[in-house]
J.: 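Sharing a structure, written as structure tokens. Questions coming.
All values below were derived from every heavy atom in this structure, side-chain atoms included, with hydrogens, water molecules and symmetry-related copies excluded. Protein chains get the first letters and strands the later ones, always in sequence-line order, with residue 1 at the start of each.
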2 protein chains.
Amino acid sequence: MPQPTATPEPRCEARRRQILAAAAVCFAREGFHGASIAKISRAAEMSPGHIYHFFENKEAIIAALVEHKLEQSLSMVQQFERAEDVHQAMQERVDTGVNERTDLDHAALELEILAEAARNPRVAAIVQAADAAKRERLCRLLASARGTPRGDEAAATEIIMALFDGLASRAISNPTLDRAALLAPLQAALRVLS
Amino acid sequence: MPQPTATPEPRCEARRRQILAAAAVCFAREGFHGASIAKISRAAEMSPGHIYHFFENKEAIIAALVEHKLEQSLSMVQQFERAEDVHQAMQERVDTGVNERTDLDHAALELEILAEAARNPRVAAIVQAADAAKRERLCRLLASARGTPRGDEAAATEIIMALFDGLASRAISNPTLDRAALLAPLQAALRVLS
DNA sequence: CTGACTAGATTGAACGCTCATTCTAGAATG
DNA sequence: CATTCTAGAATGAGCGTTCAATCTAGTCAG
């Protein structure tokens, strides 16, 4: 018995991560359906057939990647929840948020995921479950930050999320986007919403 | 003589529109790469080969559809430009705007177009040219509505566009979206931006 | 009015290719 | 030696695209 309880699947898990990393690159560059298993296997430096030992099929790779991306995005909410002054933490995080959301590779993958969710029920379920979790936690944060309830917490949360989600679209539609200049009007909008 | 010079290409143009309408349905349902020429031809009630009399290839259908969609979206700006009171016209149009942007089929096609633009240079060029035109005109409208310049007109325009673009993402991510409730916080955000 | 002719519209089978997926046999490991 | 891992060729389906054949409707000769 080499490892009794320490590392559950050292090789297998590493391989899986290797495939997901390669898939993320290929999917961002060519889309879910433009990227072939052959290309992903080349990027992951393994044979096409071997990928099927770790994932049932191509859709499972997409699902796993989407899940992984959304888990990352949930960690942002956790940061706010741990912060002492929520208002201040949010204002400070806007800068980073804009840069993350308007990064071209990130934006491309995010839009690809949403477009896929619009037609693939399995992806839609993953996206919507993750979104519901994120939304509820953000809404609760907003309510506690406001102190006195105004009754439109859910809608305001929705608009704040639309604002940040929209940044990905803007990054694609406007390659001359001035990220720094966005901060002032964005914070003004957030102030009136929170 | 029924029509001497009125209709230039009645049959040909009608066929093109027929193909584009069928393609819009197929692309919204299955994505640009999921929808095959065979399926589009079936939806357009014509043979696959015949499609190639009207479009050079599949990419040309995508390009034509994207162009058509963006022309429609430009007509909204024209409405504002013709209005007497821009502020008022915008506030009145928000309701319609929310419903248009959060329509699932519209949102699916919009996200599909943006995802394609992120990797297809031809589509990117069309999207970005249309976006630049729309952006400049909206920015000018915002400046004239404000009266006294504040210097952040371009950035504020960008944030307003992000807000509306983001609604498409929200419609996909949250199927329980309460469209009517969005209006109040959305208008509050627009008021502080314009 | 009728039949031959024509040009454009339309068809659908066929082509070459790439895809996701499976299979087989050899290499590595213990 | 037994077992697990790995590679890459094989498979069949489906893709975008082409093209020779067919249909259709309008013109014109008689």
J.: Quick one: CG on A/Leu163 to CD1 on B/Ile159, what's the gap to the nearest 0.5 Å?
T.: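 A/Leu163 CG to B/Ile159 CD1: 6.0 Å, rounded to 0.5 Å.
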
J.: Give every donor-acceptor pair under 3.5 Å between a side-chain atom in residues 67-78 of chain A and any protein atom, sequence neighbours left out.
T.:
{"unit_1": "A/Ser73", "atom_1": "OG", "unit_2": "A/Lys134", "atom_2": "NZ", "d": "3.0"}
{"unit_1": "A/Ser75", "atom_1": "OG", "unit_2": "A/Gln72", "atom_2": "O", "d": "2.6"}

J.: Starting at atom CD of B/Glu30, determine the distance to atom C1' of D/dC15, rounded to an integer number of angstrom.
T.: 13 Å

J.: C/dT11 phosphate, OP1 or OP2: any side-chain N/O from B/Ser47 under 4.0 angstrom?
T.: yes

J.: Are any of A/His50's side-chain N or O atoms less than 4.0 Å away from OP1 or OP2 of D/dT6?
T.: yes

J.: Given atom CZ of B/Arg42 and atom P of C/dT11, what is their separation to the nearest angstrom?
T.: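 After rounding, the gap between these two atoms is 13 Å.
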
J.: Without decimals, in angstroms, what is the distance between A/Ile51 CD1 and D/dG8 P?
T.: 13 Å

J.: On DNA chain C, nearest-nucleotide positions of A/Pro48 versus B/Glu45: which is more 5'?
T.: B/Glu45

J.: Nearest to the side chain of B/His53, which nucleotide is it out of D/dC15, C/dT21, C/dT10?
T.: C/dT10

J.: Check every atom of D/dT6, D/dA7, C/dT11 against the side chain of A/Met46 and return the nucleotide holding the closest atom.
T.: D/dA7

J.: How many whole angstroms separate atom CD1 of B/Ile62 from atom P of D/dC15?
T.: 14 Å

J.: Same cluster or not: B/Leu186 versus B/Met161, using hydrophobic residues (I, L, V, M, F, W, Y) connected whenever any side-chain heavy atoms lie under 4.5 Å apart?
T.: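 No; tracing contacts between hydrophobic side chains, which count when under 4.5 Å, never links both residues.
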
J.: So, OP1 or OP2 of D/dT6: does either fall under 4.0 Å of a side-chain N or O from A/Arg15?
T.: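 Checking A/Arg15 against D/dT6: at least one side-chain N or O falls below 4.0 Å of OP1 or OP2.
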
J.: Ignoring backbone atoms, establish whether B/Ser36 has a side-chain N or O less than 4.0 Å from OP1 or OP2 of D/dC15.
T.: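 True: B/Ser36 side-chain N/O within range (under 4.0 Å) of D/dC15 OP1/OP2.
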
